[in-house]
Visitor: 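Below is a structure I'd like to ask you about.
It should be emphasised that the depicted structure is a prediction, and the values quoted were computed from it without experimental measurement.
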Amino acid sequence: MAHVPAPYEVSSDPARLDRALVHHWLSTDAYWALGRSRAQQDTAIDHSLNFGVYAPEAPAAGGGPGGAGGQVAYARVVTDRATFAWLCDVYVAREIRGAGVGSGLVAAVRDHLAPYRLRRVLLATGDAHGVYARLGFEPLAEPTQWMALGRA
């Protein structure tokens, strides 16, 4: 998954996720997930396909072995891996926004899902329509055919 700019890397390995950091980002800084509990976030992670973007390993002082790079972005996909996927919880750390990490992450997710030949991959955004359009997403052709069941 070489879509993010160097030196960052994308991984779908759930063991690499910094769950506490992801929860902090989403529950305090993402308009769609403000106040989400840690238990809700952990359940969502456990039942989804997850992607993280990681900074390179940091060199250790004194020339010893370096430490693992920290997580700088996250995306989650809810899918049956046969017909449908929902891309959600896309978040990039504020300090690296604008560097192409978010676009690279979404491109990596898109390409990861391609072999499933899904009929539809949906997402909702309040502020990043242009980013997603550049990656092939487009508005619903018939939005009046879609309905939602939700709670306030």
Visitor: May I ask you to decide if G126's main-chain N or O and Y31's side chain share a donor-acceptor pair within less than 3.5 Å?
Guide: yes
Visitor: List in chain and number order the residues that pass salt bridge (charged side-chain N to carboxylate O under 4.0 Å, His left out) with R81, two or more places apart in sequence or in another chain; answer none if no residue qualifies.
Guide: none
Visitor: Please name all residues satisfying side chain to side chain donor-acceptor pair (under 3.5 Å) with D13, sequence neighbours left out, ordered by chain then number.
Guide: none
Visitor: Does Y54 share a hydrophobic cluster with V101, counting links as ILVMFWY side-chain heavy atoms below 4.5 Å and allowing steps through other members?
Guide: no
Visitor: Quick one: pull up CH2 in W86 and CG in L123 and give me the separation to the nearest 0.5 Å.
Guide: 10.0 Å
Visitor: So if you build clusters from Ile, Leu, Val, Met, Phe, Trp, Tyr with side-chain heavy-atom gaps below 4.5 Å, do L118 and V106 land together?
Guide: yes
Visitor: What's the separation between atom NE2 in H3 and atom CZ in R110, rounded to the nearest 0.5 Å?
Guide: 6.5 Å
Visitor: Applying side chain to side chain donor-acceptor pair (under 3.5 Å), name anything that partners T79, two or more places apart in sequence or on another chain.
Guide: none
Visitor: Check whether F84 forms a cation-pi arrangement with R119 (NZ or CZ under 6.0 Å from the six-membered ring centre, at most 45° off the ring normal).
Guide: no
Visitor: With D18, which residues qualify under side-chain contact (heavy atoms from CB on, under 4.5 Å), at least two apart?
Guide: A20, L21, Q71
Visitor: Sequence neighbours left out, what pairs pass side-chain hydrogen bond (donor to acceptor under 3.5 Å, both in side chains) with at least one residue falling in residues 130-149?
Guide: none
Visitor: Could you give the side-chain donor-acceptor pairs of residues 89-96 under 3.5 Å, partners two or more places apart or in another chain?
Guide:
residue, atom, partner, partner atom, Å
D89, OD1, W32, NE1, 2.8
D89, OD1, R36, NH1, 3.3
D89, OD1, R36, NH2, 3.4
D89, OD2, R36, NH1, 2.7
D89, OD2, R76, NE, 2.9
D89, OD2, R76, NH2, 3.2
Y91, OH, D29, OD2, 2.4
Y91, OH, R97, NH2, 3.4
R94, NE, D29, OD1, 3.2
R94, NE, D29, OD2, 2.8
R94, NH2, D29, OD1, 2.9

Visitor: With hydrophobic residues grouped by side-chain heavy-atom distances under 4.5 Å, do L87 and I45 end up in a single group?
Guide: no
Visitor: If hydrophobic clusters are built by linking Ile, Leu, Val, Met, Phe, Trp and Tyr wherever their side-chain heavy atoms come under 4.5 Å apart, do V72 and V109 end up in the same one?
Guide: yes
Visitor: Check whether V77 and W25 end up in the same hydrophobic cluster, where Ile, Leu, Val, Met, Phe, Trp and Tyr are linked by side-chain heavy atoms less than 4.5 Å apart.
Guide: no
